[in-house]
Amino acid sequence: MSVRVRIAPSPTGPFHIGTARTALFNMLFARRHGGTYIVRVEDTDVARSTSAFESDILAGLRWLGLGADEGVQLDGEVGDRGPYRQSQRTARYTEIAAQLHAQGSAYYCFCTPAELEAERTAREAAKLPPRYSNRCRSVDPNDAATRRAAGESAALRFRIPDGPVVIDDLVRGRVEIDAATLGGDLVILRADGSPLYHFTVVVDDVDMGITHVIRGEDHLSNTPKHILIFQALGATLPRFAHLPLILNADRTKMSKRKSQTALADYRAEGFLQEALINFLALLGWSTGSEDEVLPMDELVQRFDLDHVQKAGAVFDRQRLEWLNGQWIRKLAPADLLARLRPFYDDAATDGRIGRPARDEEILALIPLIQERIPLLSSAITLTDFFFTDGAAPDVATLTPKRWDVATTLAALEAARPIIADAIGEGDAVLLHADDPLEGTLRALAETHGWKAGDLFMALRVAATGRTATPPLFDSMRLLGRAAVLARIDAAIARLRG
RNA sequence: GCCCCUGUCGUCUAGAGGCCUAGGACGCCACCCUUUCAAGGUGGAGAUCACGGGUUCGAAUCCCGUCGGGGGUACCA
């Protein structure tokens, strides 16, 4: 039987990084085994689900390369075992619930929320675990029918049988849980007829022929409920694999409050899709080797559930940034340009750079920045001088740490004619080749008894407005003669007071 | 509270009884490179393998207990 796995996000919030990781593991498992990867939207909680969140999730999956083989995609549904949105499956849930009721696996419960609350409070006061008393089990089915016909509101509860339930988990091995600890018979249909998660998830997994349920460890404790429902339905049990949780720095379950969890935020910061995939794959799983920088196809080849870690894994942002740098450095210039494009466009729009950036300009800058940016967004601050005139650094910034104002002024005045002589418009960068301008300026520094580094810093700040920039001489060449001289003149004027 | 999972450097991890005086990576420190910032290179600090008992000629690896951490426990997903 071929492998069928699913990721079942709930559109009650922005696409969460933990959901991305679970999706990735499912995708890797499916690809590894030539199976099908399904995306199902769990929007039974109408009050909290929105289509905006759904779009964010589907767009995020697609961007990561984790779009569905079958199920819900950004532009519609594919597959013949749908619908794949729970909100469109209510008739099916009602039907299966009726079946469970007819076979005696479920019964109507007339307890009011207030009564249940009172029961819960009483048990809590008695220091007993919260648990439904199952008291409506004893309501005579005929009476129940009569009361419902009379309009009395009732939820449908699934009857939890006695005895142990065994989970044969692919990550954790055999886990046995006593059904008596499950909290009593569980509601599968609210009084208004709407279905609840523990019920829908099983109906869907059966209908969609899911063979392997790969999800977060937070679902492990609830898995017996699912197994019992599978069994009541007479369905074949899927295999289960519970992944370790992604943790905040304090080792609690990763949350919006304590960590950056929205995938869109990582994307907006300039993390590469490849880096995120690589990083997430290695959070809770390892190749068993010492290789770390791995593309998707390599991950697929090596993926196995045996090397999935059992303990939770702290999300280490520094490691992610390092990996991102690795991936940025691997990109071909044209590819990097394409990734950088939206960042320069946004910067032009919100004024962080003075004008829109042309492709040729970004391409010319790429050799200077590719080795030094950890994030795509870092390119902007590193190259804004190129697109923005009149950075106008103040006297304090213009003056190198070891120098005074008079020395800085003298140095800029002395260097100006040399630069005017060496730089034209539209010059190509020299990169690591020997730059004649550098030699001339070093000689100048020597005759004045200046440190070359101080001279270069003074020029750097005058020309770019920043103390940390790409290599100075190539930066000036790209800027062009007129712009560089104008900025040096402006700096000289400011230094003169 | 009850149930379940879990415990190797700060972090991600390798490790499936002798290959471990525990390896790699991120981060940190130093040095090299160097016009700044990075990148890169080299080296270093950093883990009594949570702790205590066993089993064994031999345990990070097997067993038991303790402690720590996490998750679950809804007419949420």
Side-chain angles (χ1 to χ4, degrees), chain A residues 8-13 42-45 47-49 86 109 111-113 116 120 123-124 126-132 153-157 167 169 171-172 175-178 180-183 186-192 194 196-198 200-201 216-224 242 244-245 247 249-253 279 282-293 306-307 309-323 325 329 369-374 378 382 400 438 441-442 451-457 459-461 464 466-473:
Chain A
S10 181
T12 52
E42 305 214 327
D43 54 356
T44 44
D45 187 346
R48 293 195 297 150
S49 298
Q86 294 192 327
C109 169
C111 297
T112 64
L116 294 172
R120 214 180 343 263
R123 286 187 65 91
E124 200 172 316
K127 297 222 185 285
L128 290 166
R131 182 172 201 282
Y132 173 58
S153 116
L156 189 67
R157 281 189 190 266
I167 307 166
D169 195 274
V171 171
R172 279 147 224 285
V175 177
E176 183 178 314
I177 297 177
D178 189 336
T181 67
L182 261 27
L186 79 143
V187 175
I188 57 175
L189 246 41
R190 293 185 182 94
D192 68 2
S194 60
L196 263 0
Y197 170 76
H198 294 306
T200 59
V201 70
E217 195 204 323
D218 47 348
H219 289 284
L220 184 59
S221 294
N222 286 320
T223 301
H242 287 93
L245 261 20
L247 273 25
D250 64 4
R251 305 204 72 91
T252 53
K253 181 162 87 162
F279 175 74
L282 263 19
L283 249 200
W285 174 73
S286 71
T287 59
S289 73
E290 286 175 355
D291 303 326
E292 312 253 352
V293 184
D306 296 339
H307 283 87
Q309 203 74 16
K310 293 190 185 76
V314 173
F315 188 98
D316 182 356
R317 182 183 165 109
Q318 304 225 67
R319 190 171 154 83
L320 206 209
E321 285 197 17
W322 168 76
L323 256 180
R329 267 155 246 137
I369 63 173
Q370 186 161 18
E371 300 288 313
R372 26 178 64 79
I373 53 175
S378 314
L382 213 48
E438 178 179 347
L441 287 172
R442 279 187 188 281
K451 292 199 122 180
D454 291 330
L455 204 215
F456 296 159
M457 183 54 81
L459 284 169
R460 182 190 320 283
V461 176
T464 70
R466 292 189 177 275
T467 54
T469 70
L472 176 62
F473 307 109

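Each chain gets a letter, A, B and so on, in the order its sequence line appears, and its residues count up from 1. This is a predicted model, so every value here is computed, not measured.
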Worksheet item: So does Arg131(A) get a side-chain nitrogen or oxygen closer than 4.0 Å to the phosphate oxygens (OP1/OP2) of C3(B)?
Response: no

Practice prompt. Would you give the length of the straight line joining atom CD1 of Ile188(A) to atom NE2 of His198(A), rounded to the nearest 0.5 angstrom?
Written response: 12.0 Å

Practice prompt. Please state whether the base of U35(B) and the side chain of Arg460(A) form at least one donor-acceptor pair under 3.5 Å?
Written response: yes

Worksheet item: Glu290(A) side chain: which of C75(B), C5(B), G24(B) is closest?
Response: G24(B)

Discussion item. Is Arg48(A) close enough to A77(B) that one of its side-chain N or O atoms is under 4.0 Å from OP1 or OP2 there?
Written reply: no

Item to complete: Tell me whether the OP1 or OP2 atom of A14(B) has a side-chain N or O from Gln309(A) closer than 4.0 Å.
Response: yes

Practice prompt. Take atom CD of Glu438(A) and atom P of U34(B), then tell me their distance rounded to the nearest Å.
Written response: 10 Å

Discussion item. Using atom P in both nucleotides, what's the gap between U66(B) and G23(B) to the nearest angstrom?
Written reply: 33 Å

Worksheet entry | d(CZ, Arg251(A); C1', A50(B)) in whole Å | 12 Å

Practice prompt. Please report, rounded to the nearest Å, how far the P atom of G24(B) is from the CG atom of Leu323(A).
Written response: 18 Å

Discussion item. Taking Lys310(A) first and then Glu217(A), would you say they form a salt bridge - that is, a charged N and a carboxylate O separated by under 4.0 Å?
Written reply: no

Worksheet item: When all nucleic acid strands are considered with a 4.0 Å heavy-atom cut-off, which category describes Thr467(A): base, sugar-phosphate, or nothing?
Response: base

Discussion item. Suppose we define a pair by two distances each less than 3.5 Å, Watson-Crick or G-U wobble; what does A50(B) pair with here?
Written reply: U66(B)

Discussion item. Let's test this: given Watson-Crick or G-U wobble pairing with both distances under 3.5 Å, identify the partner of G17(B).
Written reply: none

Discussion item. Base, sugar-phosphate or nothing for Leu320(A)? Non-hydrogen atoms, less than 4.0 Å.
Written reply: nothing

Worksheet entry | P-based separation of G65(B) from C9(B) [nearest Å] | 24 Å

Worksheet item: What are the two closest non-hydrogen atoms of Asp454(A) and Pro400(A), and how far apart are they?
Response: O-CG, 3.5 Å

Practice prompt. Just call it for Gly325(A): base, sugar-phosphate, or nothing, with non-hydrogen atoms closer than 4.0 Å on any strand.
Written response: nothing

Worksheet item: Out of U36(B), C26(B), A77(B), which nucleotide sits closest to the side chain of Tyr197(A)?
Response: A77(B)

Item to complete: With P as the reference atom in both, quote the distance from G24(B) to A45(B) in angstrom, rounded to an integer.
Response: 12 Å

Response to the item:
Scanning both residues in full, the closest heavy-atom pair of Met457(A) with Thr467(A) reads CE-O, 3.6 Å

Worksheet item: When all nucleic acid strands are considered with a 4.0 Å heavy-atom cut-off, which category describes Cys111(A): base, sugar-phosphate, or nothing?
Response: base

Discussion item. Under 4.0 Å, counting only non-hydrogen atoms across every strand here, what does Ala452(A) touch: a base, just sugar-phosphate, or nothing?
Written reply: nothing

Worksheet item: Base, sugar-phosphate, or nothing for His242(A), non-hydrogen atoms under 4.0 angstrom?
Response: nothing

Item to complete: Remember a base hit wins even if backbone is also touched, and classify Thr287(A) as base, sugar-phosphate or nothing at under 4.0 Å, heavy atoms.
Response: nothing

Practice prompt. Ignoring backbone atoms, establish whether Arg123(A) has a side-chain N or O less than 4.0 Å from OP1 or OP2 of U73(B).
Written response: no

Discussion item. Considering every strand and a 4.0 Å limit on heavy-atom distances, what is the contact class for Ser10(A): base, sugar-phosphate, or nothing?
Written reply: sugar-phosphate

Worksheet entry | side-chain contact (heavy atoms from CB on, under 4.5 Å) evaluation trace for Leu382(A) with Ile373(A) | CA-CA 8 Å; Leu382(A) 213 48; Ile373(A) 53 175; 3.8 Å; yes

Fill in: Gap in Å between the two C1' atoms, one belonging to C62(B) and one to G17(B), rounded
8 Å

Discussion item. If you assign each of Val171(A) and Pro374(A) to its closest nucleotide in RNA chain B, which residue comes earlier from the 5' end?
Written reply: Val171(A)

Worksheet item: Taking for each residue the nucleotide of RNA chain B bearing the nearest heavy atom, is the 5' side occupied by Phe456(A) or by Thr12(A)?
Response: Phe456(A)

Fill in: Trace of the side-chain contact (heavy atoms from CB on, under 4.5 Å) decision for Leu182(A) with Ile177(A)
CA-CA 8 Å; Leu182(A) 261 27; Ile177(A) 297 177; 3.9 Å; yes

Item to complete: Mind listing the closest non-hydrogen atom pair of Arg319(A) and Phe279(A) along with its distance?
Response: CB-CE1, 4.2 Å

Practice prompt. Return no unless some side-chain N or O of Lys310(A) is found under 4.0 Å from OP1 or OP2 of G70(B).
Written response: no

Item to complete: Sticking with atom C1', work out how far A74(B) lies from A50(B), rounded to a whole angstrom.
Response: 35 Å

Worksheet item: What integer number of Å spans the P atoms of U21(B) and A16(B)?
Response: 14 Å

Discussion item. How many whole angstroms separate atom CG of Leu245(A) from atom P of C12(B)?
Written reply: 13 Å

Discussion item. With a cut-off of less than 4.0 Å, is there a side-chain N or O of Arg329(A) near OP1 or OP2 of G40(B)?
Written reply: yes

Discussion item. If I pick the P atom on C63(B) and the same atom on U6(B), what distance separates them, to the nearest angstrom?
Written reply: 12 Å

Fill in: Pro129(A), nearest nucleotide to its side chain (from G1(B), C3(B), A77(B))
G1(B)

Worksheet item: Across all strands, who's sitting opposite U73(B) as a Watson-Crick or G-U wobble pair, both distances under 3.5 Å?
Response: G1(B)

Worksheet item: Between Thr44(A) and A77(B), is there a side-chain N or O to OP1/OP2 distance below 4.0 Å?
Response: yes

Worksheet item: For Ser194(A) and Arg190(A), does a side-chain donor sit closer than 3.5 Å to a side-chain acceptor?
Response: yes

Practice prompt. Measure from the ring centre of His219(A) to the centre of the six-membered ring in the base of A77(B), then say whether that distance is under 5.5 Å and the planes meet at under 30°.
Written response: yes

Worksheet item: Nearest-Å distance, CD (Gln318(A)) to C1' (U11(B))?
Response: 9 Å

Practice prompt. For Pro224(A), report the nucleic acid contact type (base, sugar-phosphate, nothing); a contact means any heavy atom under 4.0 Å.
Written response: nothing

Worksheet item: Are any of His307(A)'s side-chain N or O atoms less than 4.0 Å away from OP1 or OP2 of A16(B)?
Response: no

Worksheet entry | Whole-Å gap separating P (A25(B)) and CG (Leu283(A)) | 18 Å

Discussion item. Please give the distance between the P atoms of C20(B) and G54(B) as a whole number of Å.
Written reply: 28 Å

Worksheet item: Looking across every strand, which nucleic acid part, if any, lies under 4.0 Å from Arg172(A) by heavy atom: base, sugar-phosphate, or nothing?
Response: sugar-phosphate

Fill in: Per Ser286(A) side chain, nearest of listed nucleotides U13(B), C75(B), G71(B)
U13(B)

Discussion item. What's Asp218(A) touching, base or sugar-phosphate or nothing? Going by heavy atoms closer than 4.0 Å.
Written reply: sugar-phosphate

Response to the item:
Under a 3.5 Å limit on both distances, the Watson-Crick or wobble mate of A30(B) is U42(B)

Practice prompt. Quick one: label Glu42(A) by what it contacts on the DNA or RNA (base, sugar-phosphate, nothing), any heavy atom closer than 4.0 Å.
Written response: sugar-phosphate

Discussion item. Does the plane of the ring in Phe473(A) sit parallel, tilted or perpendicular to the ring in Phe456(A)? Use 30° and 60° as the thresholds.
Written reply: perpendicular

Worksheet item: So what does Glu124(A) touch, heavy atoms closer than 4.0 Å: a base, only the sugar-phosphate, or nothing?
Response: nothing

Discussion item. Any base atoms under 4.0 Å from Thr252(A), or only sugar-phosphate, or nothing? Heavy atoms, all strands.
Written reply: sugar-phosphate

Item to complete: Figure out the CD/P separation between Glu371(A) and C33(B), and round it to whole Å.
Response: 19 Å

Worksheet item: Do you know the tightest heavy-atom contact between Asp169(A) and His242(A)?
Response: OD2-ND1, 2.6 Å

Item to complete: Could you state the atom-to-atom distance from NZ of Lys451(A) to C1' of U34(B) in whole Å?
Response: 13 Å

